[in-house]
Protein chains: 2
Amino acid sequence: MKVYIGRTGLMNQIIEALLSHRSVRHFEDKHLSKEQIEAIVLSAQAASTSSFIQAYSIIGITDPEKKKKLAELAGNQSYVAENGHFFIFCADLHRHEIISEMEEKDIMISLESTEKFMVMLIDAALAAQNAAIAAESLGLGICYIGGIRNNLQEVCDLLKTPKRVIPLFGMAVGYPKKLNEIKPRLPLSHIYHENEYEQDAINFRKQLEDYNEVISQYYNERTSGKRKDTWTEQMAEMFSQPKRMYMNDFIKKHGLDLK
Amino acid sequence: MKVYIGRTGLMNQIIEALLSHRSVRHFEDKHLSKEQIEAIVLSAQAASTSSFIQAYSIIGITDPEKKKKLAELAGNQSYVAENGHFFIFCADLHRHEIISEMEEKDIMISLESTEKFMVMLIDAALAAQNAAIAAESLGLGICYIGGIRNNLQEVCDLLKTPKRVIPLFGMAVGYPKKLNEIKPRLPLSHIYHENEYEQDAINFRKQLEDYNEVISQYYNERTSGKRKDTWTEQMAEMFSQPKRMYMNDFIKKHGLDLK
């Protein structure tokens, strides 16, 4: 991999691809091939996995009726139905329950622990991000869909998932019809600390205010002045409306007790 | 990106890189440059983030004393101290608490919800996997370190993290001294389902048994016959010993109540 100096420091083809990511929500009416799906799933599986536990499954949706139903459940997001392929990434300890029967070992305390719940989520997300990068490298666009968590019981019923399998998020993949601009992230100095978490309250707020200007300008330009909200406004508004408060009960009901 | 047909289907430079991943645990005694660290962190930040919340922070450790202490806390893993750079990925809603003060909005119910806890973990993991891929593209090796969760309170004290910041895992990065073989993953047909979760119990166990043979042979060849355990043996053994059972209390104590 040839490394060179780019606008933002060291660059190569891969870093350039990572930095070019934007979510895509408008896709051509063209399905992914079997080979594309396989390359994406194999790439997902190649990601690191905590102590090798591989605690996730991926469900690809091709049935148009199911896609339509999922689009409704996710809050009427049309691109959940209209894409080249729709993947659902699930945290999965069902497999390990079967293993405990095969090996005749009692693993219930682990299965129901908060620690293993965390491991499942992290494992599934690492795999998903590899899938995203593989898809983008094939000229496809992607969009993560957290909206499937609006109605998880219905999603589980639709996908016939067994106990201890939690669909976490979807990923719409396809040939991009429209490319958005890249959305500016928080300043690096705000996300990245050295040796300890920096707790200078004045600097902390200053960084957020600087970022607010960047985001406000981004929206302003993109919407010809119709939208100018700042990041902190957006976040405070979103967080002031609690969402998916059934989640704790749901997870417990599905055999992952958060103990 | 040129796409061609490889051993495992569609390939290009990026997919090839993803499929070549192996954890590296032996590094040259050579630090990462400021430019390398910046390229890795910017790549991490470019990953998707749930509803744009960017609910994570990254702490890079350069202080050799802190690295030694972290290596001890993570269960005496020497490569936590001996590497080119050590990153710690934290789930972070401290930022959003500050935002609620700035914007004068009450967001406590959201902050303490299981839903937002899931979002933080997923956000941090997506960012981390981008960091891993960026590092590997620069010719570096990486190893995720879940061991920092053995003693999270001590890790928090060491890093001076505020409330609502949970260090999730470390990532040792550096110039590889030794490259392991690539570890075979579960069969694609076991991880990937179409339209619904396949629940054929006989086939399910058959896939696991086939995989056991692959893993047993992998260990056998790598250890000149000293180790031949199967994957299901390994998993059942690991899960039969509950680990980090303090986690639920810890998370609640840190202001993320899993409600």
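The structure presented is a predicted model; accordingly, all values stated were derived computationally and were not measured. Protein chains get the first letters and strands the later ones, always in sequence-line order, with residue 1 at the start of each. Any value given below was found using the heavy atoms of this structure, including those in side chains, with hydrogens, waters and symmetry copies removed.
With a 4.5 angstrom heavy-atom cutoff, B/Ile182 does not touch chain A via any of its atoms. Heavy atoms closer than 4.5 Å to chain A are found in the side chain of B/Ile215, but not in its backbone. Heavy atoms of B/Ile37 lying under 4.5 Å from chain A belong exclusively to its side chain. For B/Ala17, the part sitting under 4.5 Å from any heavy atom of chain A is the side chain, from C-beta outward, and nothing else. Using a 4.5 Å cut-off between heavy atoms, A/Leu158 touches chain B through its backbone atoms (N, CA, C, O) alone. Both the backbone and the side chain of A/Arg95 come within less than 4.5 Å of a heavy atom of chain B. With a 4.5 Å cut-off on non-hydrogen atoms, A/Gln199 touches chain B through its side chain but not through its backbone. Looking at B/Phe204, only its side chain comes within 4.5 Å of chain A, counting heavy atoms on both sides. The contact between B/Asn12 and chain A is made entirely by side chain atoms (from C-beta outward), counting heavy-atom distances below 4.5 Å. Proximity to chain B (any heavy atom under 4.5 Å) is restricted, for A/Leu93, to the side chain, taken from C-beta onward. Interface remark: A/Phe87 contributes side-chain atoms only to the contact with chain B (heavy atom separation under 4.5 Å). Contact of B/Lys160 with chain A is made through backbone and side chain together, with heavy-atom distances under 4.5 Å. Heavy atoms of B/Pro187 lying under 4.5 Å from chain A belong exclusively to its backbone.
Here A/Glu101 pairs with B/Arg205 in a salt bridge; the nearest charged N to carboxylate O distance falls below 4.0 Å.
The most heavy-atom pairs under 4.5 Å with chain A, out of B/Thr161, B/Ile109, B/Leu19, B/Thr62, come from B/Thr62. Contact tally against chain A (heavy-atom pairs below 4.5 Å) for B/Met11, B/Glu233, B/Glu115: the top residue is B/Glu115. Counting heavy-atom pairs closer than 4.5 Å to chain A, the top residue among B/Ile88, B/Thr232, B/Ile14, B/Leu159 is B/Thr232. The candidate from B/Pro184, B/Ser137, B/Cys90, B/Pro242 with the greatest count of non-hydrogen atom pairs under 4.5 Å with chain A is B/Ser137. Of the residues considered (A/Gly9, A/Ala132, A/Ser57), A/Ser57 shows the highest number of contacts with chain B, using heavy-atom pairs under 4.5 Å. The most heavy-atom pairs under 4.5 Å with chain B, out of A/Val3, A/Asp106, A/Leu138, come from A/Leu138. In terms of heavy-atom pairs under 4.5 Å with chain B, the best-connected choice from A/Gln241, A/Lys243, A/Glu198, A/Glu237 is A/Glu237. When each of B/Ala201, B/Pro162, B/Ala47 is checked for heavy-atom pairs under 4.5 Å with chain A, B/Pro162 comes out on top. Counting heavy-atom pairs closer than 4.5 Å to chain B, the top residue among A/Ser20, A/Ala39, A/Ala236 is A/Ala236. Interface summary for chain A: among B/Ile145, B/Ile61, B/Asn130, the most heavy-atom pairs under 4.5 angstrom belong to B/Asn130. Of the listed residues A/Ala134, A/Cys143, A/Ser48, A/Ala125, the one with more heavy-atom pairs under 4.5 angstrom with chain B than any other is A/Ser48. Note: A/Trp231 leads A/Tyr144, A/Trp231, A/Phe117, A/Phe169 in heavy-atom pairs under 4.5 Å with chain B.
The shortest distance between side-chain heavy atoms of A/Val119 and B/Arg149 falls below 4.5 Å. Counting only heavy atoms from C-beta outward, the side chains of B/Glu209 and A/Met102 approach each other to under 4.5 Å. A 4.5 Å side-chain heavy-atom check between B/His94 and A/Tyr197 finds at least one atom pair inside the cut-off. The side-chain heavy atoms of A/Leu10 and B/Glu38, taken from C-beta on, include no pair separated by under 4.5 Å.
Scanning all heavy atoms of the two residues, the minimum distance from A/Met238 to B/Ile53 falls at CE-CG2, 3.0 Å. Closest of all the heavy-atom pairs between A/Ala46 and B/His21 is O-CD2, 3.3 Å.
More than 12 heavy atoms of other shown residues, nucleotides or ligands fall within 6.0 angstrom of atom CD1 in A/Ile98. A 6.0 Å sphere centred on CG of B/Leu188 holds more than 12 heavy atoms belonging to other residues, nucleotides or ligands.
With hydrogens and angles ignored, the 3.5 Å screen pairs a side-chain donor or acceptor of B/Arg185 with a backbone N or O of A/Gln45. A donor-acceptor pair under 3.5 Å is formed between the side chain of B/Asn195 and the backbone N or O of A/Asp63. For B/Gln13 (side chain) and A/Gln13 (main-chain N/O), no donor-acceptor pair under 3.5 Å exists by modelled atom type. Not one N or O on the side chain of A/Gln129 forms a donor-acceptor pair closer than 3.5 Å with the backbone of B/Ala127.
Taking the ring axis of A/Phe239 as reference, the NZ or CZ atom of B/Lys116 stays within 45° of it and closer than 6.0 Å to the ring centre.
The distance from the CG atom of A/Leu258 to the NZ atom of B/Lys259 is 14.0 Å, given to the nearest 0.5 Å. In this structure, A/Met245 CE and B/Glu112 CD are separated by 9.0 Å, a value rounded to the nearest 0.5 Å. Separating the OH atom in A/Tyr192 from the CG atom in B/Leu42 is a distance of 11.5 Å, to the nearest 0.5 Å. Taken from NE2 in A/His190 to CG in B/Asp92, the straight-line distance is 7.5 Å, to the nearest 0.5 Å. Put simply, CG on A/Asn248 and CG on B/Asp257 are 10.0 Å apart, with the number rounded to the nearest 0.5 Å. To the nearest 0.5 angstrom, B/Ile251 atom CD1 is 4.5 Å from A/Met118 atom CE.
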- B/Glu103 vs A/Thr230, side-chain contact (heavy atoms from CB on, under 4.5 Å): CA-CA, chis, key distance, verdict: CA-CA 11 Å; B/Glu103 301 290 342; A/Thr230 68; 4.2 Å; yes

- Tell me, with the steps shown, if B/Asp249 and A/Thr114 meet side-chain contact (heavy atoms from CB on, under 4.5 Å). CA-CA 9 Å; B/Asp249 287 343; A/Thr114 299; over 6 Å; no

- Item | side-chain contact (heavy atoms from CB on, under 4.5 Å) assessment of B/Lys66 paired with A/Glu196 | CA-CA 10 Å; B/Lys66 280 204 181 180; A/Glu196 61 184 54; 3.7 Å; yes

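With sequence neighbours left out, the ring pair (Phe, Tyr, Trp, His ring centres under 6.0 Å) criterion links B/Tyr219 to no other residue.
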